[in-house]
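Beneath this line is the structure, given in structure tokens, with notes to follow.
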Amino acid sequence: GDTGQGARAWMKQILNQDMAFQHIKVIYPTAPARPYTPMKGAFSTVWFDRYKISNDCPEHIESIDSMCQGLTDLINDEIKNGIAKNRILIGGFSMGGGMAMHLAYRFHRDLAGVFALSSFLNKESAVYQALKGNARALPELFQCHGTADELVLYSWGEETNKMLKSLGVSASLHTFPNLNHELNRTEIEKLKSWIEKKLPVEAANSN
């Protein structure tokens, strides 16, 4: 329901400054508005539709896949601008993190990494199906989740993390006690350090 600019402003409010890096460009895309089933079909800016907010139902794969195509265009634009693909990270909060996992682990396994904050994948996710039998190296996953999250349960995030690990993803899960479906400063600072580790300055200079 938020926009890219809204997410940027939220980060700025938490950090008291923009989430900026000397050598990394940060892009905040906005999802298109579409009818959203959990809101009784009302229009909302969401990355994909869901039958319900639960990890125990089928994925709305049609809307997920059409969005993967749109976001692939965004990645390709950066590559055309001279950014190496293994210098691109993608991620998001809540549904944005779910979107990023679909995009990276099903279509772009040569990205630098993925982050998913307060996010999950459904039990029978197409991501798990796509990774079965994969022998190639996969982007590292950085996950954060609050234990007091009432919208996206902590156990859903934990289960996603375990499943992806079992399928060969190098995944970390950072737990935040008493944090609900939101972000906090410690989490954003951890994320920032991880981004700097995955995209170091040295490599940027030689790229």
Side-chain angles (χ1 to χ4, degrees), residues 1-2 6-21 24 26 28 31 38 46-48 50 52-57 59 64 88-106 109 111-128 130-131 134 137-200:
D2 205 345
R8 183 181 179 176
W10 191 21
M11 291 278 197
K12 194 171 181 174
Q13 187 190 342
I14 293 167
L15 292 172
N16 294 321
Q17 60 183 34
D18 245 331
M19 186 161 104
F21 305 85
I24 303 169
V26 183
Y28 293 91
V46 287
W47 290 114
F48 48 86
R50 301 184 192 281
K52 55 182 178 177
I53 300 174
S54 163
N55 71 341
D56 209 5
C57 65
E59 287 174 320
I64 292 173
I88 297 175
L89 279 171
I90 60 170
F93 173 77
S94 194
M95 185 181 247
M99 187 75 242
M101 290 187 278
H102 273 274
L103 191 60
Y105 296 121
R106 292 175 58 212
R109 294 177 185 175
L111 289 168
V114 184
F115 63 89
L117 315 173
S118 310
S119 308
F120 74 102
L121 292 170
N122 295 34
K123 282 184 192 294
E124 301 295 322
S125 178
V127 174
Y128 303 149
L131 291 177
N134 169 69
L138 296 162
E140 185 186 327
L141 174 68
F142 177 92
Q143 243 182 303
C144 293
H145 216 117
T147 57
D149 196 328
E150 287 165 9
L151 185 68
V152 174
L153 303 185
Y154 177 78
S155 59
W156 300 354
E158 195 177 35
E159 192 178 304
T160 299
N161 189 274
K162 280 184 184 149
M163 275 299 289
L164 289 172
K165 269 187 180 155
S166 76
L167 292 163
V169 176
S170 166
S172 58
L173 175 59
H174 304 268
T175 303
F176 294 83
N178 309 320
L179 186 70
N180 203 320
H181 196 63
E182 57 194 343
L183 297 170
N184 71 14
R185 188 170 181 136
T186 316
E187 182 180 4
I188 301 306
E189 283 171 350
K190 266 189 193 227
L191 172 64
K192 242 186 129 174
S193 306
W194 179 77
I195 291 172
E196 284 166 337
K197 191 183 86 202
K198 297 305 290 179
L199 303 178

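The structure presented is a predicted model; accordingly, all values stated were derived computationally and were not measured. Scope of the values below: all heavy atoms of this structure, side chains included, with no hydrogens, waters or symmetry mates.
The nearest pair of heavy atoms linking Ala104 to Pro139 is CB-CG, 4.5 Å. Across all their heavy atoms, Glu158 and Leu173 have their closest contact at CA-CD2, 3.8 Å. Shown here for Pro177 and Thr147, the closest heavy-atom pair between the two residues is CA-OG1, 3.2 Å. Residues Cys144 and Glu187 approach most closely at CB-OE2, 3.1 Å, considering heavy atoms. In this structure, Leu199 and Ile88 approach most closely via the heavy-atom pair CD2-N, 4.4 Å. Shown here for Ile195 and Phe21, the closest heavy-atom pair between the two residues is CG2-CZ, 3.8 Å.
Judged as a salt bridge (charged side-chain N to carboxylate O under 4.0 Å, His left out), and not counting sequence neighbours, the contacts of Glu189 are Arg185. For Lys198, the salt bridge (charged side-chain N to carboxylate O under 4.0 Å, His left out) criterion is met by Glu140, not counting sequence neighbours. Qualifying salt bridge (charged side-chain N to carboxylate O under 4.0 Å, His left out) partners for Arg8, counting only residues two or more places apart in sequence or in other chains: Asp18. Considering only residues two or more places apart in sequence or on other chains, Asn180 meets the side chain to side chain donor-acceptor pair (under 3.5 Å) condition with none of them. Taking Lys123 as the reference, Glu159 meet the side chain to side chain donor-acceptor pair (under 3.5 Å) condition, with sequence neighbours excluded.
Here the side chain of Tyr105 pairs no donor or acceptor atom with the backbone of Ala100 at under 3.5 angstrom. Without hydrogens or angle criteria, Ser119 side chain to Leu117 main chain gives a donor-acceptor distance under 3.5 Å. Panel note: side chain Asn122, backbone Ser125; no donor-acceptor pair is recorded below 3.5 Å.
Phe120 has its ring centre no less than 6.0 Å from the ring centre of His145.
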Side chain to side chain contact (heavy atoms under 4.5 Å, CB included) between Trp47 and Ile64: does it pass, once the steps are laid out?
CA-CA 7 Å; Trp47 290 114; Ile64 292 173; over 6 Å; no
Determine, step by step, whether Asp149 and Phe176 satisfy the side chain to side chain contact (heavy atoms under 4.5 Å, CB included) criterion, reporting the C-alpha distance in whole Å, the side-chain angles of both residues, the deciding distance to 0.1 Å, and the verdict.
CA-CA 10 Å; Asp149 196 328; Phe176 294 83; over 6 Å; no
Check the pair Val127 / Leu164 against side chain to side chain contact (heavy atoms under 4.5 Å, CB included), numbers first and verdict last.
CA-CA 9 Å; Val127 174; Leu164 289 172; 3.9 Å; yes
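Ring geometry, Trp10 versus Phe93: the interplanar angle exceeds 60°, so the pair is classed perpendicular (tilted spans 30 to 60°).
With a 4.5 Å cut-off on side-chain heavy atoms, Leu121 and Met163 do not count as touching.
Within a 6.0 Å sphere centred on NZ of Lys165, heavy atoms belonging to other residues, nucleotides or ligands number more than 12. Within a 6.0 Å sphere centred on CD of Glu124, other residues, nucleotides and ligands contribute 12 heavy atoms or fewer.
Judged as a side-chain hydrogen bond (donor to acceptor under 3.5 Å, both in side chains), the pairs with a partner in residues 88-102 (not counting sequence neighbours) are, in order, Glu59-His102, Ser94-His181, His102-Arg106.
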